[in-house]
Amino acid sequence: MNLKALIADRLAAGFARAGAGDAPAAVGPATRAEFGDYQANGAMGAAKRLGLGPRELAQRVIDGTDFAGIAARCAVTGPGFISLTVADELLADALADRRIQPLPAAKVVMDYSSPNLAKEMQVHHLRSTIIGDAIARVLEALGCEVIRQNHVGDWGAQFGRLVAHLNDCGEDAVHLADLERFYTQASARVDEDPAFAARARRVVVDLHTGDAATLARWRRYIDVSLAHCQAVYEALGVSLRPSDVRGESAYNGDLAAVVADLAAKGLITESDGALCVFLDEFKGKDGSTVPVIVRKSDGAYLYHSTDLAALRYRAETLGADRVLYIVDARQSLHFRQLFALAKAAGYGAGVSFEHHPFGTMLGADGRPFKTRRGGGTRLLDLLDEATVRAGRLVQAKNPTLDAATTDRVARALGVGAVKYADLSKNRTSDYVFSWDDMLSLEGNTAPYLQYAYARIQSLFAKAGIPVEAAEPPLGPLATAEEHALALQLARFQETLEQVAATVMPHHLCSYLYDLAAAFMRFYERCPVLDSDLRNSRLLLSRRSAETLATGLGLLGIDTVDRM
Ligand code: ARG
């Protein structure tokens, strides 16, 4: 149940009766605890138009609202806020059924991860991959149909070098373990050997015009490269599958048609043999329009053209309602141009195309992050280092755990810490990667949440009952800590909806952190096992564990029973 929406709904009727039917109630969590649980600020904006004081209007809204079953208290506070305390019976209802309510059916295409193939995945591929994965899981939990599109870069000039090098080396020259070395060799040859560089350029033309032998060589290389990506996805625990890959090459056959569509709309201008689109939205400083080039003078298509073909496919063939691009902030101009091109071409009217950018992961020196091992940027090295460090933490904390459990817990903690550290930051800014911060058992970290979860498991172990044995109904909420915990639990649905709307995973992280903190406060203040309220308090504990596990699961992070 979405508490916030429920309250907004009731208040809307109150606003209407007070003569302010068109004003939004503007409901949000209370900014100060003494204001109750939620506050609505809508009277502040609407009062002036009605010639009333904000507090006066707020009171009229309260008088006209039916709070039965929803609020225990409601009052005007501050300059004209409507503050309310949620009724315990509503919290009991919310906790009786922990199922997530689906949103209206929608098909969402998600473009994320989308690395350029040819070499191993690097640290800078992390953010798109895990942010996209978390969002995809949240949308699915809310009942959306999510179509993942891993728009890998598999068609660029680097494949000319690789295939030319492969030609020189003979058949099955590349194996997974050789990927990085092979790429380095091929790149070095381009710099050293002009004849090789010329052959490499010819291969690109052969590739794009469909030469069978070249395509076969290319395919072999791509398969190895994709197998590597899949291994990284599995190590990361993200939900991308080989069948989600639809790379740039998939659109090769559509490019001419897309450019023809632009031409038919009269949008193409030829300039020195290149085909350009001039859009009014993109004026330079001097007022002249900056062109988007869709085909170069040598006939080659560009990143824009491929993306336009992909956009058309997503809107028209896949039938998307929303298309989310989880891509580095440095590509913001590209996406503004892409969406403007699509609009001009008449593709995807009514579809919401959204670029959701993110900043860079930085090292302590303020420069893009490098791993300690070898000072490189291989993503697999990063995950290995995370596991090693988490293993030390687990051993120090719990030396009696057997080796297999220690390894499993270390993996969950280490990979979880890396992902959570990223997901918990507002994605639009850069952030500094810090092992010490992310592996701390205190503060807004994955280990802190995993620890809270494990603690609840040991509470049930001590009680000698399975977690599922604590069943509704919720008893009376005797203390402020119980009310606060129940309220936080009941806010899960609205948090997920907020994440879906904003495409911001950090809202879910903050929610889980507040939940764990509310649980810890409850657990310190309220005896559970030898209390008259034992069942109700066990139910609060059970729901806390379930919500932590579900929430972390949506972020792609595992929980462990002991750590
Ligand atoms: N392969 C691109 C890169 O590594 C990212 C692709 C993002 N998706 C897209 N449809 N342009 O920069």
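Whatever order the structure lists them in is the order used to number ligands and atoms, beginning at 1. Only heavy atoms go into these numbers, but all of them, side chains included; no hydrogens, no water, no symmetry mates.
Residues Lys370 and Phe433 form no side-chain contact, since every pair of their non-hydrogen atoms from C-beta on lies 4.5 Å or further apart. Inter-residue side-chain proximity for Glu494 and Glu497 is flagged as unmet; no heavy-atom pair is nearer than 4.5 Å.
A heavy-atom cutoff of 4.0 Å around ligand 1 is satisfied by the protein residues Asp111, Ser114, Asn116, His151, Tyr303, Asp307, Tyr325, Val327, Gln331, Phe335.
Ring geometry for Tyr325 against Phe335 counts as tilted: the plane angle lies between 30° and 60°, on a 0 to 90° scale. Using bins of under 30°, 30° to 60° and over 60° for the plane-to-plane angle, the ring pair Trp155/Trp218 lands in the perpendicular bin.
With salt bridges taken as basic N to acidic carboxylate O contacts below 4.0 Å, one links Glu546 and Arg98.
When the side chain to side chain donor-acceptor pair (under 3.5 Å) test is applied to Asp206, no partner is found at least two apart in sequence or on another chain.
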